[in-house]
Peer 1: 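Mind looking over this structure? Questions follow.
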Amino acid sequence: MIPAETDYARAVELLRAGELVAFPTETVYGLGADAANPAAVAKIFAAKGRPADHPLIVHVCGHDAVDRWVEQIPALAWELMETFWPGPLTLILKKQAWVPDAVTGGQDTVGLRVPGHPVALALLRRFAASGGGVSGQGGIAAPSANRFGRISPTAAAHVLEELGDRVPLILDGGPCAVGIESTIVDCSRGEPVVLRPGHIAPAHLEAVLGCRPLIETAAGAPRVSGSLAAHYAPQTPMRLISSERLLDFINAQRHKGDTCGVISHNQPPQAGMPHVWRMLPADPTGYAHDLYAALRDMDHAGVSLIAVESLPGSPDWAAVADRLRRAVAGAGQP
Ligand code: TXA
Ligand code: MG
């Protein structure tokens, strides 16, 4: 799925005019605007229905661009950039004075990422080459392209469903390879702190940094919207059920006359179950890739409850377990 040159031209024209463009990244689809243009950034918050004090990630096309947004780049940030960019990693760094409050939520730091998706990179390069927006710095601010609190989109069709009437252009780059949002590492406090788990796990960070990063607990977290207890949520109520109890649970639902949707990573315990059953890969990478689309499908299937088989407790499952917990907490809101 490669957008035509005319699509990129239109996207750049819209960004330069202070309008929104949705585009694919390797994690999830983003809802983009010129990061240096507060009026354009305000349209992101309006389209999503997101509280205005939640900071956004600024996407840039390469390491060189980072200097223009931040005070200085600590050595630990350099090492992470060199290893993981372009890729699913966001770094929080002390911002330069000019960076608008609209994008940082009034904080003295800014989140930056060079995404790994070729369409995102092509868009960022073309935007930079066109003059780079009002500041000339070529950053595109983009949260996930969903309504606030809902499931992040991992395909262009999901963006259309979430925001179709609110975004003038959606660049289609096919399904997202990673499927959950980037790992966020705060590099502004002297030692690295993981604010949001993701595909790049603490063990990967440790291998590069030589020390284990701290993991931020929700209580002390700065304004990281993904850290709200309820997030990434379907409209259908959701329950996490252990593998051992899953069969009994769905049988009990059936006796009550309820149709339950089931998301498991093990084989269905018996053939011909009358429920909507979705089996996801039994490895965390494959599971992350399919999770949001599966939740979205369940929302469409008209089931009264989504039962999700609990995940293994090992560290490699931490990022998807985090998303599932928040989805359960936020599920069932109309
Ligand atoms: O994978 C991703 O990160 C996707 C794609 C589109 O790049 N974006 C994404 O954006 O997930 P969003 O807005 O849904 O989540 C970005 C997170 C938010 O939780 C936000 O609060 C946090 O990044 N963030 C941004 N700037 C920050 C800052 N200066 N300090 C602390 N957290 C920050
Ligand atoms: Mg989001």
Side-chain angles (χ1 to χ4, degrees), residues 20-33 35 41 44-45 47-60 69-71 84-96 99-117 119-121 123-124 139-154 158-159 162-163 171 173 176-189 193-200 216 218 220-233 288 292 319 322-323 326-327 330:
L20 303 180
V21 173
F23 63 98
T25 83
E26 77 280 33
T27 59
V28 300
Y29 274 70
L31 180 63
V41 170
I44 294 178
F45 291 96
K48 281 185 63 102
R50 171 162 160 155
D53 62 348
H54 284 217
L56 302 175
I57 295 171
V58 177
H59 299 71
V60 292
W69 295 83
V70 308
E71 279 291 323
F84 297 111
W85 281 1
L89 178 70
T90 296
L91 300 181
I92 307 296
L93 295 162
K94 283 262 183 288
K95 76 172 185 98
Q96 284 197 15
V99 177
D101 284 347
V103 93
T104 64
Q107 305 189 76
D108 62 354
T109 52
V110 60
L112 288 160
R113 173 161 113 84
V114 177
H117 197 293
V119 173
L121 284 172
L123 176 65
L124 285 162
I140 300 180
S144 50
N146 51 279
R147 305 274 179 124
F148 181 64
R150 300 272 183 229
I151 307 166
S152 300
T154 53
H158 302 165
V159 183
E162 290 281 330
L163 301 168
L171 291 179
C176 301
V178 173
I180 55 170
E181 304 76 4
S182 60
T183 305
I184 302 182
V185 180
D186 188 346
C187 298
S188 72
R189 309 186 201 175
V193 184
V194 176
L195 300 185
R196 180 173 70 184
H199 180 67
I200 296 175
E216 181 85 24
R223 280 169 270 156
V224 182
S225 76
S227 74
L228 293 177
H231 217 81
Y232 318 115
Y292 289 153
D322 166 80
R323 302 310 192 277
R326 296 179 206 284

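For ligands, and for the atoms within them, numbers begin at 1 and follow the listed sequence. This is a predicted model, so every value here is computed, not measured.
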Peer 1: Kindly indicate whether the side chain of L56, heavy atoms from C-beta on, has any atom under 4.5 Å from the side chain of F45.
Peer 2: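 Yes. Closest side-chain heavy atoms under 4.5 Å.
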Peer 1: Purely on distance, is any nitrogen or oxygen of H54 under 3.5 Å from one on ligand 1?
Peer 2: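 No: no nitrogen or oxygen of H54 is under 3.5 Å from one in ligand 1.
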Peer 1: T25 versus ligand 1: do any nitrogen or oxygen atoms come within less than 3.5 Å of each other?
Peer 2: no
Peer 1: Is it the side chain, the backbone, both or neither of I184 that has a heavy atom closer than 4.0 Å to ligand 1?
Peer 2: side chain
Peer 1: Relative to the heavy atoms of H59, which atoms of ligand 1 are at a distance of less than 4.0 Å?
Peer 2: 5 (C), 6 (C), 7 (O)
Peer 1: Is ligand 1 less than 4.0 angstrom away from at least one heavy atom of V28?
Peer 2: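 Yes.
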Peer 1: Rounded to the nearest 0.5 Å, how far does CD1 of I92 lie from OG1 of T104?
Peer 2: 10.5 Å
Peer 1: For atom 8 (N) of ligand 1, tell me which residue out of A142, G30, G111, A141 has the closest non-hydrogen atom.
Peer 2: A142
Peer 1: List ligand 1 atoms under 4.0 Å from L56, heavy atoms only on the residue side.
Peer 2: 25 (C), 26 (N)
Peer 1: Can you list the atoms of ligand 1 that are under 4.0 Å from a heavy atom of S182?
Peer 2: 1 (O), 2 (C), 3 (O)
Peer 1: Which ligand 1 atoms are under 4.0 Å away from a heavy-atom of R113?
Peer 2: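 Answer for ligand 1: 1 (O), 5 (C), 7 (O).
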Peer 1: Check whether any N, O or S atom of S152 sits under 2.8 Å from the Mg ion (ligand 2).
Peer 2: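 Of the N, O and S atoms in S152, none lies under 2.8 Å from the Mg ion (ligand 2), which means no.
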Peer 1: Number the atoms of ligand 1 from 1 as they appear, then name those within less than 4.0 Å of a heavy atom of S144, with their elements.
Peer 2: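 The atoms of ligand 1 under 4.0 Å from a heavy atom of S144 are 8 (N), 9 (C), 10 (O), 12 (P), 14 (O).
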Peer 1: Please report whether ligand 1 has a polar contact with T27, defined as an N or O pair separated by less than 3.5 Å (distance criterion only).
Peer 2: yes
Peer 1: Can an N or O of R196 be found at a distance shorter than 3.5 Å from an N or O of ligand 1?
Peer 2: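 Yes; the residue has a nitrogen or oxygen that sits under 3.5 Å from a nitrogen or oxygen of the ligand.
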Peer 1: Report yes or no: does E216 contribute a side-chain atom to a donor-acceptor pair with the main-chain N or O of V194 at less than 3.5 Å?
Peer 2: no
Peer 1: Kindly compute the distance separating CD1 (I44) from CD1 (I140), expressed to the nearest 0.5 Å.
Peer 2: 9.5 Å
Peer 1: Please classify the R50 to ligand 1 contact at 4.0 Å (heavy-atom distances, strictly less than): side chain, backbone, both or neither.
Peer 2: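 Near ligand 1, R50 shows its side chain, while the N, CA, C and O stay back.
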Peer 1: Would the distance check show the side chain of H199 and the main-chain N or O of P88 forming a donor-acceptor pair, the cut-off being under 3.5 Å?
Peer 2: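 It does not hold such a pair.
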Peer 1: For ligand 1 and Y29, I'd like to know whether there is a polar contact (N/O to N/O, distance under 3.5 Å).
Peer 2: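 Min N/O separation from ligand 1 is not below 3.5 Å for Y29.
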Peer 1: Under 4.0 Å from a heavy atom of P55: give me the atoms of ligand 1 that qualify, with their elements.
Peer 2: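 Checking each atom against P55, I get 20 (C), 21 (O), 24 (N), 25 (C), 26 (N), 27 (C), 28 (C), 33 (C).
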Peer 1: Hey, which of R196, R113, R323 is the one that makes salt bridge (charged side-chain N to carboxylate O under 4.0 Å, His left out) with E181?
Peer 2: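 Going through R196, R113, R323 one by one, the salt bridge (charged side-chain N to carboxylate O under 4.0 Å, His left out) with E181 is satisfied by R323 alone.
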Peer 1: Ignoring hydrogens and geometry, is there a side-chain-to-backbone donor-acceptor pair from T25 to T27 under 3.5 Å?
Peer 2: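 Yes; at least one donor-acceptor contact below 3.5 Å.
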Peer 1: Got a second to check how far T90's OG1 is from W85's CH2, nearest 0.5 Å?
Peer 2: 8.0 Å
Peer 1: Side chains of T183 and V185: does their closest heavy-atom pair fall under 4.5 Å?
Peer 2: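 They are in contact (side-chain heavy atoms under 4.5 Å apart), so the answer is yes.
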Peer 1: Taking atom CG of L163 and atom OH of Y29, what is their separation to the nearest 0.5 Å?
Peer 2: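 Reported to 0.5 Å precision, the distance equals 13.5 Å.
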Peer 1: Less than 4.5 Å apart, any side-chain heavy atom of D108 and any of K94?
Peer 2: yes
Peer 1: Given that the side chain starts at C-beta and the backbone is N, CA, C, O, which of these parts of Q107 lies under 4.0 Å from ligand 1, counting heavy atoms, or is it both or neither?
Peer 2: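 Under 4.0 Å from ligand 1, Q107 contributes side-chain atoms alone.
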Peer 1: What atoms in ligand 1 come closer than 4.0 Å to a heavy atom of T109?
Peer 2: 28 (C), 29 (N), 30 (N)
